Amino acid sequence: GLTQNAGEAEITGLEVDFTWLATDNLTLTGAATLLDAELSEDFFQNVNPGPMDIPDAPSGTQLPSVPDYKAYVSGRYEQEFSGYDTFYSATYSIVGSRYNDLFVAAREEQDSYGILNASAGFGKNDWRVSFFANNITDERAELFRNAVDFDARITTNRPRSFGVSLSQDF
């Protein structure tokens with residue numbers, strides 16, 4: 001994509017996050033961002049616009065790649081079971097719709113999406129085994145839609161995946 005200065009912009013919003021130890025074993029965390037990100041003056045790609053030129057992005061145009069909202073919530077449960085330290089966790093994150101480009105004539109809206117991940121594992125002393133499932137709902141999120149080249153290219157997230165990891169502390 002193309003990145004350049006776009007004159008004056010204003011971003012107002014709210015960010016919140018929390019961590020809550022609900023019980024001795026259960027921790028809940030989360031965060032959310034609400035944003036209003038837009039140009040506060042007309043943008044002309046031509047450095048010296050004439051009085052009859054139409055702006056490439058008028059004042060009030062939503063900034064590209066900035067969703068109106070993003071949030072996540074996560075839970076992790078830990079306990080000892082049969083002499084092993086065990087855990088179970090899940091995270092759900094959402095990202096609101098956003099535009100891929102500043103130029104009004106070329107921009108496209110990218111849809112909002114939500115991703116669910118989960119994991120569980122056990123360990124003892126200095127080693128750990130974890131099982132994970134990422135993107136459980138197999139959401140095909142558009143992370144970026146290219147608007148600069150002749151052919152449209154879309155970068156997506158990873159598809160649903162499962163795995164096992166083994167770790168050891170030294």
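Keep in mind it's a predicted model, so treat the numbers as computed, not measured.
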Check: L34, V95: one ILVMFWY side-chain cluster at the under-4.5 Å cut-off?
Finding: no

Next item on the list: Would you please name every residue forming a salt bridge (charged side-chain N to carboxylate O under 4.0 Å, His left out) with R160, sequence neighbours left out?
Entry: none

Has [X] got more than 12 heavy atoms of other residues, nucleotides or ligands less than 6.0 Å from its [atom1]?
{"X": "I54", "atom1": "CD1", "answer": "no"}
{"X": "W20", "atom1": "CH2", "answer": "no"}
{"X": "F18", "atom1": "CZ", "answer": "yes"}

pair [X]-[Y]: side-chain heavy atoms closer than 4.5 Å:
{"X": "W127", "Y": "V129", "result": "yes"}
{"X": "Y72", "Y": "I115", "result": "no"}
{"X": "Q62", "Y": "D68", "result": "yes"}

Note to self: Under the rule for side-chain contact (heavy atoms from CB on, under 4.5 Å), what residues qualify as partners of D126, not counting sequence neighbours?
What the structure shows: Q168, D169

Item checked: Main-chain N/O of E142 paired to Q110 side chain as donor or acceptor, under 3.5 Å -> yes

Margin query: Under a 3.5 Å distance rule, please check whether D42 uses its side chain to pair with a backbone N or O of P55 as donor and acceptor.
Written below: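 Flag not set: sc D42 to bb P55 has no pair under 3.5 Å.
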
Note to self: Please tell me whether E8 and S40 have a donor and an acceptor in their side chains that are separated by less than 3.5 angstrom.
What the structure shows: no

